[in-house]
Amino acid sequence: MKIYSWKELIWALVFIYLPILLIGTLFNSLAELLFIAFFIHILWHYYYLKKLNNWLWNNKSTVLPHGQSEWERAFMGIHNMQQRHRKRRNDLARVISRFRAGSEALPDAVIVFHKRGEIIWCNRLAQVQLGFKWPEDSGENITNLIRNPLFVNYLKQNSYDEPLDLISPNNPEKTLEFRVMPYAVHQRILIVRDVTAYRQIDAMRRLFVANVSHELRTPLTVLQGYIEILDSQAQPDSTQAKAIKVLEQQTVRMCSLVEQLMTLSKIESAPNLDLDEHVNVPALLAQIENEASTLGKDKALLIQFDVAQNLCVRGDQMQLRSAMANLVYNAINYTPIKGSVKIIWRLCDEGAYFCVMDNGDGIAPEHILHLTERFYRVDGSRSRNTGGSGLGLSIVKHALMHYDSQLNIESNLGEGSQFSFVIPANYLLN
Ligand code: ADP
């Protein structure tokens, strides 16, 4: 298709007006002739302008109106543009309907809303699980429909790394997991999943572990008592005495495993921290220092505690003790003879900083990510020699979760390790 050009326009004008100029001059009526020519020219344009308006505003037909010269090209241009827009609109409609069909097929409730809160769209499950009405609730603020204050605060936070668990507004026996994700520009997508079964299984697992460890305690204590009696009666250096020694070591290991399992269950199922409770961390670290020096005596370790006195926190003493003690005992256990261990507790910009450094065996990078998993041990035989169960760092991780904190691990094989965490400033006692 030829495109409109100035050169062409000038030629067309010359072609129309030059003969008029010549005839007008010849017959001495140039003004009248020019006026008539202009008038006809304007009428011609007006005719096509009207045709264009009629086509654009009144006529629903997609058939191109007939035009001449530039008008034909203008009609063609607009027609092409319309076709392109129509195609784009159809493509978009297809994408949207595919997205909607996909969202309807999901086993979760899906709600798309503007970051200010107005609901843009929701699927059928959102109507079933949350009682939304569609399309009546379109444009309604999401916090008017999900009024739980925990959800309102969760939305306000603007950081959605962790999902939020809430009791279903329709059925108090159901637990729903709310997960928000940024979506398109200034939009959010909320996915609500029924996690009742998962949470029940998790609670059952915790209860089972807690009960089994509790039940194992009594027979283990009885066993330990009898082993002591047998030990006192056995002939020194006899086979019997050696067997009793092994029995004793294994029951001690089992006792410590049971204790750790119970601590982990207790911390995992502990409610939110009671911020009215105060923890005197320097006093706590003084106790740990005493135990550490006894534990590290045989290896002649250099153990240094650098503790900011008066730096105390709110929360749970048992949880904080478990976290700190496990890190210190690990450093002592995994640092060879004459090594050094340093413990720091001091104020930092974000809150209070706790760090345990050692110049022990270190850990290979591929293990670091897994260390806080239950029963994960880098080297089973080495850990067994140290009486390890693989639960220590898992306990640390869960205790720190209650403090909105996490464990940082830096280590180089053969050079030593550094385990640290920060207790956020809002938990500090002024
Ligand atoms: P364990 O009871 O076996 O010590 P943990 O969960 O406390 O279990 O630690 C997991 C593993 O991490 C340990 O088996 C050990 O291999 C490694 N580890 C922990 N602390 C240190 C450390 N300070 N130096 C070297 N390795 C460590």
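Order of listing sets the numbers, starting from 1, for every ligand and every atom in it. Worth saying up front: this structure is predicted, and the values here are computed from it rather than measured.
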Point to revise | Exercise: do Q224 and T251 side chains pair donor with acceptor under 3.5 Å | key: no
Review point. Any luck finding a side-chain donor-acceptor pair between D316 and Y403 under 3.5 Å?
Key: no
Check your understanding: How would you list all residue pairs meeting side chain to side chain donor-acceptor pair (under 3.5 Å) that involve residues 163-173, not counting sequence neighbours?
Key -> D165-R199
Looking at ligand 1, would [X] count as a contact under a 4.0 Å heavy-atom criterion?
| X | answer |
| --- | --- |
| D358 | yes |
| F419 | yes |
| L371 | yes |

Check your understanding: Under a 4.0 Å N-O cut-off, is there an ion pair linking K174 with D194?
Key -> yes
Check your understanding: For ligand 1, does Y376 get within less than 4.0 Å through its side chain, its backbone, both, or neither, judged by non-hydrogen atoms?
Key -> backbone
Practice item. Answer side chain, backbone, both or neither: which part of I363 comes under 4.0 Å from ligand 1, heavy atoms only. Key: side chain
Practice item. Check ligand 1 against S389 and write out every atom of the ligand that is under 4.0 Å from a heavy-atom position of the residue. Key: 1 (P), 2 (O), 3 (O)
Exercise for review: Examine R377 against ligand 1 and note whether any of their N/O atoms are separated by less than 3.5 Å.
Suggested key: no
Please tabulate, for side-chain N and O atoms in residues 362-371, each donor-acceptor pair with protein atoms closer than 3.5 Å (sequence neighbours left out).
unit_1, atom_1, unit_2, atom_2, d
H367, ND1, Y376, OH, 2.6
H370, ND1, E373, OE2, 2.9

Check your understanding: Can you check whether Y48 reaches F75 side chain to side chain, under 4.5 Å on heavy atoms?
Key -> yes
